[in-house]
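In what follows, chains carry the letters A, B, and so on, assigned in the order in which the sequence lines appear, proteins first and then strands, with residues in each chain numbered from 1.
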Protein chains: 2
Amino acid sequence: MSYEKALTALADPTRRAVFERLRAGPQPVGELARHLPISRPAVSQHLKVLKDAGLVTDRAEGTRRIYHIDPHGLGALRRWLDQFWETALDAFVAEAERTADKP
Amino acid sequence: MSYEKALTALADPTRRAVFERLRAGPQPVGELARHLPISRPAVSQHLKVLKDAGLVTDRAEGTRRIYHIDPHGLGALRRWLDQFWETALDAFVAEAERTADKP
DNA sequence: CTTTTTCGTAAGACATAGCTTACGGTAAGC
DNA sequence: GCTTACCGTAAGCTATGTCTTACGAAAAAG
């Protein structure tokens, strides 16, 4: 049910940049914003969307909030995609047979 | 490189509805529009985006255009996701060990 | 206790995505 | 040849997402 939020969250290029940057490891908001061409509040808003989609989680560390990747959302997206992938392949095979000259 | 287009394409709910409807098999544009709460030109526009993302393909059949799923785009998206999935799991494990009390 | 750092949220401006109506083009049917 | 069915594209309107600046809160530092 959450794969929809994950899709809309990862659709935005800036949000993907934030997400892929967290791949290198947990990071605070300011650190993320420093390497992006947008303001820090904008990064916060993006993180909120990613968190809502189950793609990231955060923990407090002093005055800073450390964000890291949450496999939860990715898993949901992957399951949906895999389930789709099978029927897509079947359809592809059927189409190939249809196009091919009759044996 | 094409996983980005696939993501933005599948982010729209209506476009997902079109895409999931093609799961039942190849269908012409009018048939798709008949079961959706939007106009036929709108469906055409969505199909254009899906086609551009490598998610669907079309063939002519008389005056009608039959659209069917193209595994190409799904494959690209799946590869990107899988590659992401591994590092996400590693990070998750690392986070779990970090949170756990020192043994 | 005061100051500084770090962050989230609110309000508003701006751009873009998605829808509709209108139009033209191609193939089939008569 | 003429009409009908089916479709893609263009133009325009509207809604929504994304950005910035401004503000307030919480923890550390001094």
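- Taking atom CZ of residue B:R40 and atom C1' of nucleotide D:dG8, one finds them 7 Å apart after rounding to whole Å.
- A straight line from CG of A:L32 to C1' of C:dC7 spans 13 Å, rounded to a whole angstrom.
- Contact between the side-chain N/O atoms of B:S44 and the OP1/OP2 oxygens of D:dG8 is found at a separation under 4.0 Å.
- With hydrogens and angles ignored, a donor-acceptor pair under 3.5 angstrom links the side chain of B:Q45 to the base of C:dT20.
- A salt bridge links A:R78 to B:D82: at least one charged side-chain nitrogen sits closer than 4.0 Å to a carboxylate oxygen.
- Residues A:T14 and B:R65 each lie close to DNA chain D; by heavy-atom proximity, the contact nearer the 5' end of the strand is made by B:R65.
- Under 4.0 angstrom from either OP1 or OP2 of C:dG18 there lies no side-chain N or O belonging to B:S39.
- Considering only the side chain of A:A42, D:dC19 comes nearest among C:dT21, D:dC19, C:dG18.
- Between D:dG17 and A:H46, no contact under 4.0 Å exists linking OP1 or OP2 to a side-chain N or O.
- Counting only heavy atoms from C-beta on, B:T63 has its side chain closest to D:dC6 among D:dC6, D:dA22, C:dT21.
- Sparse packing is recorded around CZ of B:R64, with 12 or fewer heavy atoms of other residues, nucleotides or ligands lying under 6.0 Å away.
- Checked by distance alone, A:R15 brings no side-chain donor or acceptor within 3.5 Å of a matching partner on the base of D:dG17.
- Of the possible polar contacts, one joining the B:R16 side chain to the B:A11 backbone as a donor-acceptor pair under 3.5 Å is found.
- Using a 4.0 Å heavy-atom criterion, one finds that B:P28 contacts the sugar-phosphate atoms exclusively.
- For the pair B:L50 CG and D:dG8 P, the computed distance is 12 Å after rounding to whole Å.
- Here C:dA17 presents its C1' atom at 16 Å from CG of B:L10, a figure rounded to the nearest Å.
- The side chain of A:Y67 places an N or O atom within less than 4.0 Å of a non-bridging phosphate oxygen (OP1 or OP2) of C:dG8.
- Between the CZ atom of B:R34 and the P atom of D:dC6 there is a distance of 8 Å, rounded to whole Å.
- For the pair B:D52 CG and C:dA17 C1', the interatomic distance rounds to 15 Å; values are reported in whole Å.
- Exactly one residue among A:Q45, A:H46, A:E20 makes a side-chain contact (heavy atoms from CB on, under 4.5 Å) with A:R15. That residue is A:H46.
- With respect to B:L55, the side-chain contact (heavy atoms from CB on, under 4.5 Å) criterion is satisfied by exactly one of B:V49, B:L47, B:L74, B:L77: B:L74.
- For A:G62 and B:D58, each mapped to the nucleotide of DNA chain D holding its nearest heavy atom, the one lying further toward the 5' end belongs to B:D58.
- Between the CD1 atom of A:I66 and the C1' atom of C:dC7 there is a distance of 11 Å, given to the nearest Å.
- Rounded to whole angstrom, the span from the CZ atom of A:R64 across to the P atom of D:dA29 amounts to 10 Å.
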